[in-house]
Structure formats: structure tokens, C-alpha cells
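Okay, so here's the structure we're looking at.
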Amino acid sequence: MRQLPPQSEPAFGFSNSPFGECCIVFSNDGICALTFPESFESATYDIEQRFPETNFRQNDEKARRLAKQIFELGDKPLMHPIGTDFQQAVWNALQRIPAGETTTYAQIADAIGRPKAVRAVGTAIGANPIAYLIPCHRVIRTDGGLGGFRWGLECKKKMLEWEKK
DNA sequence: ATAAAGGCCACCC
DNA sequence: GGGTGGCCTTTAT
């Protein structure tokens, strides 16, 4: 099952955040992406890849409002991530990790009833479209290593530090 | 239909 | 520390 791409008033915008500038993609159905791109171009390229056929307006004002909700007030706005069944299962499991705690890729695999799909879990976590809100940064390796992070390991560390207190 | 590439893990050296 | 083989999903041929 594949969810529909954003349809109702799709838009994107940039805002600052505790972890550097972020790009938020949203529609009336909720947030469908939160990224930390290096540039305007890489951000729009990413959007283009993820949602071809969709025409987005730029709305930085709303993006800043959302960022404030997320990072300052700790709200969790409505989300609308697009992905396969497997990915949805993984992303749902991520949202059950309490803030300030970590788990491992293997434990997530167990949690979704696919203990052998550890590697695929790693791949699915890497495909997480909504950074921070879907807390893929709380997943580390079984051997204690930090694992990877799409937006750089420094960023992953920062997020974990930020949540520690 | 098939190949190649992953944010992994256990096991060896 | 490092290398290898197995595992499973996704994406691009």
C-alpha cells in the first residue's frame, strides 16, 4: 500500500532550527518531509525526486511557524510520510522510542516482527523522510557504535545531546 | 526478472 | 582493529 502524495495545498519552506537550517515540506494532510539540506538546490532537488508530478509553493512563513512548534514548543504536528508497508512499519516503531533513549537496529527489527531483516531496517531508517519528528537519530548499532545518519553524524550526536536533558 | 546497493550483525582473525 | 558472508528491501537496469 502506498499512500498518496501530498495533494491539498502542497508547499515547502525553510527555517532555522537547533540543528541548522531545515526544509519542511507539508500540505493540509500534514508534514511529509523535514530535511537538513546543504543548499536551496539540494533541497528542491530532493523534493523533486520524492514527489514528482507535484507542484509546491514556497511558504517560509509557515515553515518557520512549524519549526517553532516542533523545536521550541515540542509539539508533534500531524505527519504524512510516504513509503512502503515495510517502511511505514519501521517508521512507526521509531516513534515508540521515548525521547532521551536509544535503541538498536536489531531491536527495531524485532519490534516489527522481522528479526532477520536488520539490514533492511537500516536502509528503511535511512529513508526516513521526516527527520527529528520520526526519531531515526535514536537508533544506534548493537556494538555501541553510532551507526549512520543521513544528515551527518555530527547532527545525530547533537540531537541525542539535545534530548538528554 | 535480475542486479546492486545499502545508516546491520555475528563471527572469525 | 579489520574483513567476510548472510540477511532483506528497494531501486535501477
Run the salt-bridge test on Arg64(A) and Glu61(A) with the 4.0 Å N-O cut-off and return the result as yes or no. no

Whole angstrom value for the distance that separates C1' of dT9(C) from CH2 of Trp91(A): 12 Å

In whole angstrom, what separates Asp85(A)'s CG from dT10(C)'s C1'? 13 Å

Under 3.5 Å donor-acceptor, Asp46(A) side chain and Ser42(A) backbone: no

For the pair made of CZ in Phe86(A) and P in dC8(C), what is the distance, rounded to whole Å? 10 Å

Interatomic distance, Leu160(A) CG vs dG7(B) C1' [rounded to whole Å]: 13 Å

By the 4.0 Å heavy-atom rule, please label Ala117(A) as base, sugar-phosphate, or nothing. sugar-phosphate

Thr54(A) and Pro6(A) have their tightest heavy-atom pair at CG2-O, 3.7 Å

Please identify which of these residues, Ile24(A), Thr44(A), Asp60(A), meets the side-chain contact (heavy atoms from CB on, under 4.5 Å) condition with Phe12(A). Thr44(A)

Contact class for Arg114(A) (heavy atom, under 4.0 Å): base, sugar-phosphate, or nothing? sugar-phosphate

Look at the rings of Phe149(A) and His137(A) and say which category their plane angle falls in: under 30° parallel, 30 to 60° tilted, over 60° perpendicular. perpendicular

To the nearest 0.5 Å, how far apart are OG1 in Thr104(A) and CD in Gln107(A)? 4.0 Å

Could you run down nucleotides 8-13 of chain B 5' to 3' and tag each one B, S or - for protein heavy-atom contact under 4.0 Å? BSS---

What is the separation between atom CD1 on Ile125(A) and atom C1' on dT10(C), rounded to the nearest whole Å? 15 Å

Taking for each residue the nucleotide of DNA chain C with the nearest heavy atom, is it Lys116(A) or Gln49(A) whose nucleotide lies nearer the 5' end? Lys116(A)

For dG1(C), the Watson-Crick or wobble counterpart (both distances under 3.5 Å): dC13(B)

Distance in angstrom units between Gln87(A) CD and dG7(B) P, rounded: 12 Å

Under 3.5 Å: donor-acceptor pair, side chain of Asn128(A), backbone of Ile130(A): yes

Separation of dG7(B) C1' from Leu153(A) CG (nearest whole Å): 8 Å

Between dC8(C) atom P and Ile108(A) atom CD1, what is the distance in whole Å? 18 Å

